[in-house]
Amino acid sequence: MKRPPYRKLLVVFIVLSVVVLFFHWRYTRTFNIFDIGPLFEYPVSTDQIPEVFESLSAKECGKCHQEFYQEWITTIHSQSWTDPYFQSDWKFDGSRQICKNCHTPLDKQQEHKVLGYSDSKKWDPILEPNPDFDTELQHEGVTCNACHLREGKIRGVYGVTNAPHPIEKIEDPNIICMQCHLAENTQWDVFYTMPPCSTVAEIKITMDHQIQVAKEKGISGEIIVPDEDSLKCVNCHMPLVERPLVEGGEIRKTRRHLWRGGHDKDMVKNALEVTFIETSGRRDKDRIFDVTLTNVGAAHYLPTGSPGRHLSVDFNLLDSDGDLIDSDQGLIIRKTIWQPFIFDLSDNRLMRWKPETFRFSVERNDMRNPVMVEVIVKYHLLEDEWRKLIGYENKKPIFHELYRKKIEL
């Protein structure tokens with residue numbers, strides 16, 4: 001018996017409706033870009049604090065630890081909440097509660113208490129107003145106690161006994177970094193292994209390559225480590241210095257509280273090696289130039305951190321007056337598709353010791369009379385298209401110029 005045609009149409013209609021509804025859901029839902037791990041699923045409790053503390057402010061710590069405080073106030077950590085780019089990006093993304101647990105880690109820095117979660121993935125918190133909320137403390141971002149205060153004790157690498165507050169000794173300072181910088185992903189609809197908020201995942205993924213190159217180069221492998229608990233984040237971002245912990249105290253090895261990263265031009269320059277040379281081409285009529293970028297200083301990818309950070313390589317052809325005749329550009333960038341599924345479209349960011357070369361050519365019979373070629377390398381904190389999309393009106397430059405060189409033709 002022949003099936004009536006309307007039944008086929010009904011089946012087609014139902015299938016199409018399901019597909020349309022599915023993609024509508026995928027394009028309108030809020031995406032969860034990483035797993036919420038136990039290290040940052042709740043803000044840090046301040047129910048117990050040392051009796052000598054008059055407040056939880058960094059200024060309180062600065063009364064004794066003056067040099068540490070003066071370093072901290074220069075850092076992005078101290079601006080993790082007030083940074084205008086973060087605020088624009090956070091609001092554009094729906095003002096997710098979970099972001100506060102790293103950008104304002106103390107419970108008294110948040111307007112609401114996190115009582116629990118209504119979902120197993122812990123993206124839907126159960127909240128109630130926080131009567132102990134402190135606006136001034138919130139504006140300190142990643143303040144001293146966010147890293148050092150746990151259960152009424154101040155944790156640090158020295159187990160001193162003569163401090164006016166209880167001390168808890170920790171063997172590895174790098175584990176403090178992991179509180180926020182270890183984010184991973186196991187979700188079915190997210191197809192990358194390195195969430196934007198995690199530099200630790202990048203180090204773990206590239207570790208085999210780094211170990212092999214270290215052996216070939218005869219490098220000791222100071223920041224090549226066998227497990228995540230031994231990550232050497234502090235070696236680069238908190239340089240060693242000899243000084244007292246408090247004024248007049250014993251001089252010992254301590255670490256500077258600077259955490260310089262992508263916002264610091266010199267830090268990025270120290271991690272990047274650029275070479276610009278003329279090489280032989282396959283065609284006699286062309287002059288060939290190679291620009292090679294190598295990550296020589298960072299165990300994680302370069303760039304790392306926020307999506308949209310990238311390096312640009314501009315190759316300019318100049319006339320006798322130094323005016324631009326023509327240009328070409330190469331990018332070191334991670335391109336990610338966010339909807340309907342999250343996956344990396346491409347990613348050529350610089351793995352440690354794995355160079356990336358861009359080749360540019362100039363025709364010998366170019367009638368425009370070029371006399372010089374120029375290369376400019378820049379580090380961009382975000383893409384300008386994204387800046388406009390989220391409504392971030394930057395008052396500071398969103399890129400650093402890292403390298404510039406000219407070669408006469």
Side-chain angles (χ1 to χ4, degrees), residues 24-37 40-44 75-115 117-119 121-130 132-143 146 179-181 183 185 187 189-190 192 195-199 261-263 303-310 334-342 380-399:
H24 174 74
W25 170 65
R26 297 296 303 180
Y27 275 99
T28 56
R29 71 185 286 260
T30 302
F31 278 84
N32 304 329
I33 61 175
F34 51 77
D35 295 336
I36 297 178
F40 58 92
E41 64 183 81
Y42 287 95
V44 176
T75 68
I76 293 297
H77 276 89
S78 71
Q79 303 165 37
S80 63
W81 177 253
T82 57
D83 175 51
Y85 167 62
F86 165 73
Q87 284 291 328
S88 298
D89 203 25
W90 179 63
K91 290 172 183 175
F92 180 82
D93 199 34
S95 304
R96 311 292 298 268
Q97 163 68 30
I98 192 62
C99 301
K100 294 182 178 182
N101 290 354
C102 281
H103 284 262
T104 53
L106 300 178
D107 53 7
K108 288 183 173 61
Q109 291 181 299
Q110 301 185 16
E111 298 97 323
H112 296 90
K113 287 186 174 183
V114 181
L115 303 181
Y117 292 89
S118 59
D119 65 320
K121 296 294 185 181
K122 300 181 180 178
W123 281 91
D124 189 12
I126 301 169
L127 305 174
E128 72 174 15
N130 184 2
D132 299 319
F133 170 60
D134 186 334
T135 305
E136 291 186 12
L137 187 63
Q138 181 187 58
H139 281 59
E140 291 189 4
V142 182
T143 190
Q179 177 179 328
C180 289
H181 292 284
N185 166 66
Q187 300 168 88
D189 56 350
V190 178
Y192 55 35
C197 296
S198 178
T199 52
H263 289 266
T304 187
S306 301
R309 290 191 182 185
H310 64 282
R334 178 184 189 179
K335 286 289 187 180
T336 302
I337 300 296
W338 299 101
Q339 291 175 320
F341 300 98
I342 301 179
H380 302 258
L381 291 164
L382 72 158
E383 295 178 279
D384 197 53
E385 294 82 0
W386 184 254
R387 179 192 66 79
K388 294 175 182 177
L389 181 64
I390 65 176
Y392 171 45
E393 298 294 337
N394 61 300
K395 295 182 180 179
K396 296 181 180 179
I398 58 173
F399 68 86

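These numbers were taken from a predicted model, which means no experiment stands behind them.
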### Task
Keeping the roles fixed (side chain from Ser88, backbone from Ile390), state whether a donor-acceptor pair exists under 3.5 Å.
no
### Query
Is a side-chain donor or acceptor of Ser80 paired with a backbone partner of Val142 at a separation under 3.5 angstrom?
yes
### Task
Kindly determine whether Arg387 and His380 satisfy side-chain contact (heavy atoms from CB on, under 4.5 Å), including the steps that lead there.
CA-CA 11 Å; Arg387 179 192 66 79; His380 302 258; over 6 Å; no
### Query
Is there a side-chain contact between Asn130 and Glu111, using heavy atoms and a 4.5 Å cut-off?
no
### Task
With the side chain counted from C-beta on, respond yes when Trp123 and Ile98 share a heavy-atom pair under 4.5 Å apart, and no when they do not.
yes
### Task
Determine whether more than 12 heavy atoms belonging to other residues, nucleotides or ligands lie under 6.0 Å from atom CD of Glu128.
yes
### Message
Counting C-beta onward and ignoring hydrogens, is there a side-chain heavy-atom pair between His103 and Gln87 closer than 4.5 Å?
### Response
no
### Message
Tell me if a side-chain donor or acceptor on Gln109 pairs with a main-chain N or O of Leu137 at a distance below 3.5 Å.
### Response
yes
### Task
Carefully, step by step, assess Lys100 and Trp90 under the rule side-chain contact (heavy atoms from CB on, under 4.5 Å).
CA-CA 10 Å; Lys100 294 182 178 182; Trp90 179 63; 3.6 Å; yes
### Pairwise distance CD1(Ile126) to NE2(His112) - rounded to 0.5 angstrom
13.5 Å
### Query
Where the side chain of Asp134 meets the backbone of Lys108, is there a donor-acceptor pair that is under 3.5 Å apart?
no
### Query
Distance-only, no hydrogens or angles: does the Asn101 side chain make a donor-acceptor pair with backbone N or O of Phe40 under 3.5 Å?
yes
### Query
In terms of side-chain heavy atoms, does Gln110 have a donor or acceptor partner in Gln97 at a distance below 3.5 Å?
yes
### Query
Side chains of Glu140 and Trp81: closer than 4.5 Å at any heavy-atom pair?
no
### Query
Is any side-chain heavy atom of Val44 closer than 4.5 Å to a side-chain heavy atom of Gln179?
yes
### Message
Are the side chains of Gln79 and Phe86 in contact, using a 4.5 Å heavy-atom criterion?
### Response
no
### Message
Please check this pair: side chain of Thr143 against backbone of Ala146, looking for a donor-acceptor N/O pair closer than 3.5 Å.
### Response
no
### Ring-ring centroid check Trp386 Phe92, cutoff 6.0 Å
yes
### Distance (rounded to the nearest 0.5 Å) between Asp83 CG and Ile76 CD1
5.5 Å
### Query
Do the ring planes of His181 and His77 sit parallel (below 30°), tilted (30 to 60°) or perpendicular (above 60°)?
perpendicular
### Message
Between Asp107 and Tyr42, is there a side-chain heavy-atom distance shorter than 4.5 Å?
### Response
no
### Message
Rounded at 0.5 Å granularity, tell me how far CZ in Phe133 sits from OG1 in Thr104.
### Response
8.5 Å
### Message
Whether the side chain of Tyr117 engages the backbone of Glu41 through a donor-acceptor N/O pair (distance < 3.5 Å, no angle test) should be reported.
### Response
yes
#### Entry: Minimum side-chain heavy-atom gap Tyr392-Pro84 below 4.5 Å
yes
### Query
Counting only heavy atoms not in Phe399, do more than 12 fall under 6.0 Å of its CZ?
no
### Task
List the steps, then state whether side-chain contact (heavy atoms from CB on, under 4.5 Å) holds for Leu381 with Tyr85.
CA-CA 10 Å; Leu381 291 164; Tyr85 167 62; over 6 Å; no
